[in-house]
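A short worksheet on the structure shown next.
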Amino acid sequence: MLNIYQIKQNLFLYLTPRQKSQLLSYLKSFIKKHANLSVEDIFDKFAEEENYYNEIENPHFEFVIEYFENEDFYREFKLFAGAVFEELKYKEAQKPILEAQKAKAREFRKKAQDFKMSKMKPTKKQLYYYEKVAKAHGVPLNDIENASRLDLRNWIMDIIEPSEDAGD
């Protein structure tokens, strides 16, 4: 099956490159917007919309109105719509893989941030906040002499959101 880029090169050759680019860009978003309809219904809706805008003398694509009755235009529209539907189906199939990659990237960034924080000394604000939170919750202070930013962040989080194991 040809991909959408190969198909675009062979469609609407009777239009100027600028007209073709504008039309295909608009058609792609129009088809995606009405993806729940059949190709024939999408074509009818597109033709109806363009005729309406032409009647009120504000057409999007006045150059295309004369081609609505042309069989070649309809055939090329169907080819393009089919390619857009294939692309949508492919993207939908790839969605779980992309989500898994994003989750792994988030996890990697979190580990990198934790590693960086483990090598840094805590800020004065962080130390002050830790002391205030510990005092407010009646928790004894840990030794902050050799603590890192990561340690303080974890201690603060343990005080604010105690783990469920501590309550059992």
Can you see which heavy atom on Ile42 is nearest to which on His34, and at what distance?
-> CD1-O, 3.3 Å

Say whether, by atom type as modelled, one donor and one acceptor occur between the side chain of Glu161 and the main chain of Asp158 under 3.5 angstrom.
-> no

Using atom types as modelled, flag every donor-acceptor pair under 3.5 Å from a side chain in residues 94-119 to any protein atom, sequence neighbours excluded.
unit_1, atom_1, unit_2, atom_2, d
Asp114, OD1, Arg153, NH1, 3.0
Asp114, OD1, Arg153, NH2, 3.1
Ser118, OG, Phe115, O, 2.6

Would you please test Glu92 and Lys89 for salt bridge (charged side-chain N to carboxylate O under 4.0 Å, His left out) and show each step?
-> CA-CA 5 Å; Glu92 192 63 36; Lys89 198 183 323 175; over 6 Å; no

Looking at Ala147 and Asp143, what are the two nearest heavy atoms and their distance?
-> CB-O, 4.1 Å

Side chain to side chain, Leu11 and Phe77, heavy atoms closer than 4.5 Å | no

Near-ring test Tyr67/Tyr14, centroid separation under 6.0 angstrom = yes

Indicate the atoms forming the closest heavy-atom contact of Phe12 with Glu76, along with that distance.
-> N-OE1, 2.9 Å

Straight-line distance of Phe30 CZ to Leu37 CG, nearest 0.5 Å = 8.5 Å

Contact summary for Tyr130 and Asn142, nearest pair of heavy atoms = OH-N, 2.9 Å

Smallest separation among heavy atoms of Leu15 and Phe63, with atom names = CD2-CD1, 3.7 Å

Under 6.0 Å between the ring centres of Tyr53 and Phe61?
-> no

How close do Asn51 and Ile65 get, heavy atom to heavy atom, and via which atoms?
-> OD1-CG2, 3.8 Å

More than 12 heavy atoms from other groups under 6.0 Å of CD on Glu69 | no

Within 6.0 angstrom of Glu40 CD, more than 12 heavy atoms from elsewhere = yes

Give the intermediate values and the outcome of side chain to side chain contact (heavy atoms under 4.5 Å, CB included) for residues Tyr129 and Leu152.
-> CA-CA 10 Å; Tyr129 183 68; Leu152 258 73; over 6 Å; no

Could you pull out all residues at least two apart from Tyr90 that satisfy ring pair (Phe, Tyr, Trp, His ring centres under 6.0 Å)?
-> none

Side chain to side chain, Gln19 and Val64, heavy atoms closer than 4.5 Å = no

Below 4.5 Å, heavy atoms only, C-beta onward: do Lys78 and Tyr74 meet side chain to side chain?
-> yes

Roughly how far, to the nearest 0.5 Å, is OG of Ser25 from NZ of Lys20?
-> 13.5 Å

Ignoring hydrogens and angles, tell me if any N or O in the side chain of Arg149 forms a donor-acceptor pair with the backbone of Met120 under 3.5 Å.
-> no

May I ask you to test the Phe68-Phe43 pair for a side-chain heavy-atom distance under 4.5 Å?
-> yes

